[in-house]
Amino acid sequence: MALTQVRPAGLDLRSGSIIQVQYTQFTSTSTNSISGDTVLTDLTLNITPISTSSIIKLEAMVNGEWSHQDGPFNSVWFFYRNTTKLSHATAGSRQVGILMGTPDTYFNADTGSTPEMAVYSYFDSPSSTSQITYKVGVRSNATYNWHLNKTVVDSDSIAYERGISLITATEIAG
């Protein structure tokens, strides 16, 4: 699903004006094996900027649960622009991203019904008027599963939550 707001040609856009918004809102569930830098394929979108001076504000809200209790502490979240990782610059052997770790909603060694979430944003300057594909990326220092929009157990009971995740790209006049 996408909302597009495009200004008529020749209209003088002030710096900071919103030109268009694209988003993907994922309402189903999936399980993703995370090993190294990994794309969550359910959270991608396309946007075609109208100006090379535009800034793209990226936002993500990702709900789910790691399959291992170390997942929240040993993960980083970031975006991809096409195949380029958007994150902190490489820093030795450290894991780098935009959001460090995955905040727990409740600390407990339970990896069956204790959801986590990642909420983060980033300002990108792609200097392009070609279509760009943005993707949610995550990295873990070990191979774990990320259960998108659900808990690991996902039983039909009050103790096993489900949520909705999204990625948004807002083109802002530069």
Side-chain angles (χ1 to χ4, degrees), residues 1-66 71 75-91 94-103 116-140 143-150 162-174:
M1 219 180 266
L3 167 68
T4 303
Q5 177 185 16
V6 179
R7 307 287 183 183
L11 183 64
D12 182 28
L13 294 173
R14 291 185 184 152
S15 180
S17 298
I18 293 176
I19 298 169
Q20 65 174 309
V21 177
Q22 302 291 333
Y23 70 94
T24 297
Q25 186 164 276
F26 184 66
T27 60
S28 191
T29 62
S30 65
T31 300
N32 304 267
S33 178
I34 310 300
S35 177
D37 290 351
T38 305
V39 172
L40 296 184
T41 57
D42 296 312
L43 295 174
T44 65
L45 60 77
N46 295 318
I47 188 168
T48 304
I50 67 164
S51 172
T52 57
S53 65
S54 292
I55 296 167
I56 308 295
K57 181 181 182 187
L58 300 168
E59 299 172 283
M61 179 184 70
V62 188
N63 285 295
E65 185 175 26
W66 287 103
S75 58
V76 292
W77 294 86
F78 52 91
F79 294 104
Y80 281 102
R81 177 197 329 114
N82 298 322
T83 58
T84 301
K85 181 178 178 179
L86 304 175
S87 73
H88 188 284
T90 301
R94 295 174 183 88
Q95 294 194 103
V96 294
I98 296 169
L99 176 68
M100 301 183 306
T102 309
E116 291 98 28
M117 51 69 189
V119 177
Y120 60 105
S121 55
Y122 183 83
F123 289 95
D124 187 31
S125 300
S127 300
S128 176
T129 55
S130 298
Q131 178 178 287
I132 300 167
T133 300
Y134 285 107
K135 309 164 207 167
V136 166
V138 61
R139 178 180 180 86
S140 176
T143 301
Y144 301 134
N145 285 332
W146 173 258
H147 297 268
L148 184 60
N149 290 343
K150 64 180 181 170
R162 283 193 172 180
I164 294 173
S165 297
L166 58 92
I167 179 175
T168 304
T170 303
E171 182 180 4
I172 303 167

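Please read all numbers here as calculations on a predicted model, not as lab measurements.
The distance from atom OG of Ser75 to atom CH2 of Trp146, rounded to the nearest 0.5 Å, is 7.5 Å. If you take OG1 on Thr31 and NE2 on His147, they are separated by 4.5 Å, rounding to the nearest 0.5 Å. The structure places CZ of Arg162 at 7.5 Å from OG of Ser28, a figure rounded to the nearest 0.5 Å. Taken from NZ in Lys85 to CZ in Arg139, the straight-line distance is 6.0 Å, to the nearest 0.5 Å. The CZ atom of Arg81 sits 12.5 Å away from atom CD1 of Ile47, with the distance rounded to the nearest 0.5 Å. We find the CG-CD1 distance between Asp124 and Ile172 to be 11.0 Å, quoted to the nearest 0.5 Å.
When side chains are defined from C-beta on, Val138 counts as touching Trp77, because their heavy atoms get closer than 4.5 Å. In this structure the side chain of Phe123 reaches within 4.5 angstrom of the side chain of Ile55, judged on heavy atoms. With contacts defined as side-chain heavy-atom distances shorter than 4.5 Å, the pair Asn32/Thr38 does not qualify. Between Phe26 and Leu40 the shortest side-chain heavy-atom distance does not fall below 4.5 Å.
With hydrogens and angles ignored, the 3.5 Å screen pairs no side-chain donor or acceptor of Glu116 with any backbone N or O of Gly101. Between the side chain of Asn63 and the main chain of Ile164, a donor-acceptor pair closer than 3.5 Å is present. Judged by distance alone, the side chain of Thr24 and the main-chain N or O of Thr44 form a donor-acceptor pair under 3.5 Å.
Closest approach of Asn145 to Ser33, counting heavy atoms only: OD1-CA, 3.4 Å. Shortest non-hydrogen contact noted between Gly137 and Tyr120 is O-OH, 3.8 Å. Nearest heavy-atom pair across Ile132 and Pro49 is CD1-CG, 3.8 Å. A pairwise comparison of heavy atoms in Ala169 and Ile56 identifies CB-CG2, 3.9 Å as the closest pair. Closest approach of Glu171 to Ser54, counting heavy atoms only: OE2-OG, 2.6 Å. Minimum interatomic distance between Gly97 and Ser87 (heavy atoms only, all atoms of both residues): CA-CB, 3.5 Å.
Considering Ile98, Val96, Val76 in turn, Val96 is the only one that fulfils the side chain to side chain contact (heavy atoms under 4.5 Å, CB included) rule with His88. Screening Asn82, Val39, Leu45 for a side chain to side chain contact (heavy atoms under 4.5 Å, CB included) with Lys135, the sole residue that qualifies is Val39. Each of Leu43, Thr168, Ile167 was checked for a side chain to side chain contact (heavy atoms under 4.5 Å, CB included) with Tyr134, and the lone residue meeting it is Ile167.
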Check your understanding: Under the side chain to side chain contact (heavy atoms under 4.5 Å, CB included) criterion, do Leu148 and Ser165 qualify, and how do the steps go?
Key -> CA-CA 8 Å; Leu148 184 60; Ser165 297; 3.5 Å; yes
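Counting only N and O atoms by type, the side chains of Asn149 and Thr29 include no donor and acceptor under 3.5 Å apart.
Classification of the Trp66-Tyr144 ring pair by plane angle, with boundaries at 30° and 60°, yields perpendicular.
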